[in-house]
S.K.: 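First the structure, then my questions, so here it is.
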2 protein chains.
Amino acid sequence: MDNKKVLVRARGITRSKERIREENELIILIAAEKVFAKHGLKGSTTKQIADMAKLPKSNIHYYFHTKLNLYRCVLESILVDWMRAADTFNKFDEPREALKYYVGAKMNLSRTRPFGSKVWANEIISGAPEMEEVLSSRLKQWVDTCVSSINRWVELKKIVNVGDAHTLLYMIWATTQHYADFDYQVMILNNGKELTDSEFEEKKQQVIDLVLRSVGLNP
Amino acid sequence: MDNKKVLVRARGITRSKERIREENELIILIAAEKVFAKHGLKGSTTKQIADMAKLPKSNIHYYFHTKLNLYRCVLESILVDWMRAADTFNKFDEPREALKYYVGAKMNLSRTRPFGSKVWANEIISGAPEMEEVLSSRLKQWVDTCVSSINRWVELKKIVNVGDAHTLLYMIWATTQHYADFDYQVMILNNGKELTDSEFEEKKQQVIDLVLRSVGLNP
DNA sequence: AAAATATTTGACCATTTGGTCAGGTTATAT
DNA sequence: ATATAACCTGACCAAATGGTCAAATATTTT
């Protein structure tokens, strides 16, 4: 109808094509992240994602073509946040600072983007069919530098000899991501109540302290 | 054919009905555990499970009726091993012993039954729709006694004050289960090679040491 | 040995699924 | 103003899926 068009124009709320695409892609990505987190790639349906996004199913296909492609886009978008958190590790020379801020950043990510963490978890549990390349290139590289840092700290006697540095890294990853991936279990064992923000801050500090002590540092 | 029957009888390799059921149920459970581990409940198909078990699909339905029921049976069977490992925690009064053997038992379980761990992980990540009851009754109860033990150790100054005992428990769970749930990632970061038995024993000891130090105990 | 019971399995079915497409609407360039 | 390009979506389809069933085979009981 021309009426509608004129009305919209008059109100100045016309969305440009560019904005429309941007907005819808974001809406779909957010919806897909939630659905994939809960059901994994194979277990999620495009209909579920469409319903979550409050858009017709055809619209999902219009913007992302296939479910697999949408899934890859979700993984990619999570990777961005993930790498940002990873950066904090190498910003500090002192193990106490590096560990404190890295563990803190990972905990924050678990709090702010739990669905993303779950999608990753699902992907790795399934044998990482879509992330193989990222894991063995970008992640491997980052881990190698991390391992070097940790080994240097050991040599300089700044931390205890932890054996294989990977073991420490895995402990940090696993523990911090536990609060996202297993949030439901955490809630049940917290007497059925979600962790409040201040409770979460407490846990974060406790995790940091556990990690610091685990390498022989006194928090 | 009667020939077959006679032959089989003569060789004494006739399977009794009871054995047949036992054997097939086990075969199916093992196959289902692998498939559910990789694809979750919704993502797994009865055909996949049938192929993995090398049985016709109808056979799966004959023994377990529905996919959901089979899934529940898999979870139940995992719970048995899980609770056995949990028992080790309360067998020792001294935190050093209790933690050492519990972490060791959990690591062993990750090594011997990685698929089971993955099925559980998937279930919790999905919001534990089938395990809600087990979590809030059996698991909650066990966790409560664990928390009491840990708090007592803190009061007796046997370990450092860790704040909320749950945080320590989660660290142990997450770290040990990481070697099962994320085994693919662990492999890639181990230069694409599976951990050998002796490598795994090393990691196990390193995890134990990390945990002991994290509560202020000198390994 | 025959009746009864349990196992096995291919054929079948209703429903769900990822994906297509034509025809419509809306924004933008000329 | 009109043409063009982008957005939107209901209707549709082939393939896959969980599950059923009847008929065949195997074991156990009588």
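Chain letters run A, B, ... following the sequence lines, proteins first and then strands; every chain starts at 1.
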S.K.: Taking only the side-chain heavy atoms of S58(A) (C-beta and beyond), determine which of dT9(D), dT8(C), dG19(D) contains the nearest atom.
M.R.: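 Among dT9(D), dT8(C), dG19(D), the one nearest the side chain of S58(A) is dT9(D).
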S.K.: Between dG19(D) and K67(B), counting only base atoms on the nucleotide and side-chain atoms on the residue, is there a donor-acceptor pair under 3.5 Å?
M.R.: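 When only heavy-atom distances are counted, K67(B) does not reach the base of dG19(D) through any donor-acceptor pair under 3.5 Å.
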S.K.: What's the CD-P distance between E22(A) and dA6(D), to the nearest Å?
M.R.: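 My rounded result for the distance is 16 Å.
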S.K.: Does the base of dG18(C) carry an N or O that pairs as donor and acceptor with the side chain of K47(A) under 3.5 Å?
M.R.: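 Side chain to base: no pair below 3.5 Å.
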S.K.: Would you indicate which nucleotide in dA6(C), dT27(D), dG19(C) comes nearest to any side-chain atom of H61(A)?
M.R.: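 Closest nucleotide among those given: dG19(C).
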S.K.: To the nearest Å, how far apart are K57(A) NZ and dT17(C) C1'?
M.R.: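 Spelled out: NZ on K57(A) to C1' on dT17(C) is 7 Å.
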S.K.: Please tell me if Y62(A) has a side-chain N or O lying less than 4.0 Å from either OP1 or OP2 of dC7(D).
M.R.: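 Indeed, a polar side-chain atom of Y62(A) lies that close.
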S.K.: Can you check the I28(A) CD1 to dT9(D) C1' distance for me, whole Å?
M.R.: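 It works out to 13 Å between those atoms.
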S.K.: Do you see a donor-acceptor pair shorter than 3.5 Å between the side chains of Q185(B) and Y170(A)?
M.R.: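 No donor-acceptor contact under 3.5 Å links the two side chains.
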S.K.: Taking the six-membered ring for Trp and the full ring for Phe, Tyr or His, determine whether the centres of Y179(A) and W173(B) are under 6.0 Å apart.
M.R.: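 No - the distance between ring centres of Y179(A) and W173(B) does not fall below the 6.0 Å cut-off.
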S.K.: Please pick, from dC8(D), dG19(C), dT8(C), the nucleotide with the shortest atom-to-atom distance to any side-chain atom of T66(A).
M.R.: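 My answer, after comparing the listed nucleotides, is dG19(C).
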S.K.: Whole-Å distance between dC21(D) P and I60(B) CD1?
M.R.: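 Rounded to whole Å, this separation is 19 Å.
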S.K.: Nearest to the side chain of I20(B) - dT7(C), dC7(D), dC8(D)?
M.R.: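 Within the option list, the nearest is dT7(C).
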S.K.: Grab the CG-P distance between L55(A) and dC8(D) for me, whole Å please.
M.R.: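 Nearest whole value for this atom pair: 8 Å.
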S.K.: F64(A) has an atom CZ; how far is it from atom C1' of dC7(D), in whole Å?
M.R.: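 Answer to the nearest Å: 15 Å.
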S.K.: Quick one: N24(A) CG to dA27(C) P, roughly how many Å, whole number?
M.R.: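 Whole-Å distance recorded here is 13 Å.
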S.K.: State which residue, out of I78(A), L68(A), L29(A), fulfils the side-chain contact (heavy atoms from CB on, under 4.5 Å) condition with C73(A).
M.R.: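 So the option named by the test is L29(A).
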S.K.: T167(B) pairs by side-chain hydrogen bond (donor to acceptor under 3.5 Å, both in side chains) with which of K203(A), E202(A), Q205(A), Q206(A)?
M.R.: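 Going through the options one by one, the only one that passes is Q206(A).
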S.K.: What integer distance in Å separates Y63(A):OH from dC8(D):C1'?
M.R.: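 Taking OH of Y63(A) and C1' of dC8(D), I get 8 Å after rounding.
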S.K.: Any ion pair linking D87(A) and K91(A) (charged N to carboxylate O, less than 4.0 Å)?
M.R.: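 No, this pair does not count.
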S.K.: Reckon T45(B) touches a base, only the sugar-phosphate, or nothing at all at heavy-atom distances under 4.0 Å?
M.R.: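 Answer is sugar-phosphate: T45(B) comes under 4.0 Å of backbone atoms only.
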S.K.: Establish, with yes or no, whether the OP1 or OP2 oxygen of dC7(D) is under 4.0 angstrom from a side-chain nitrogen or oxygen of R21(A).
M.R.: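 Yes, because at least one side-chain N or O of R21(A) sits under 4.0 Å from OP1 or OP2 of dC7(D).
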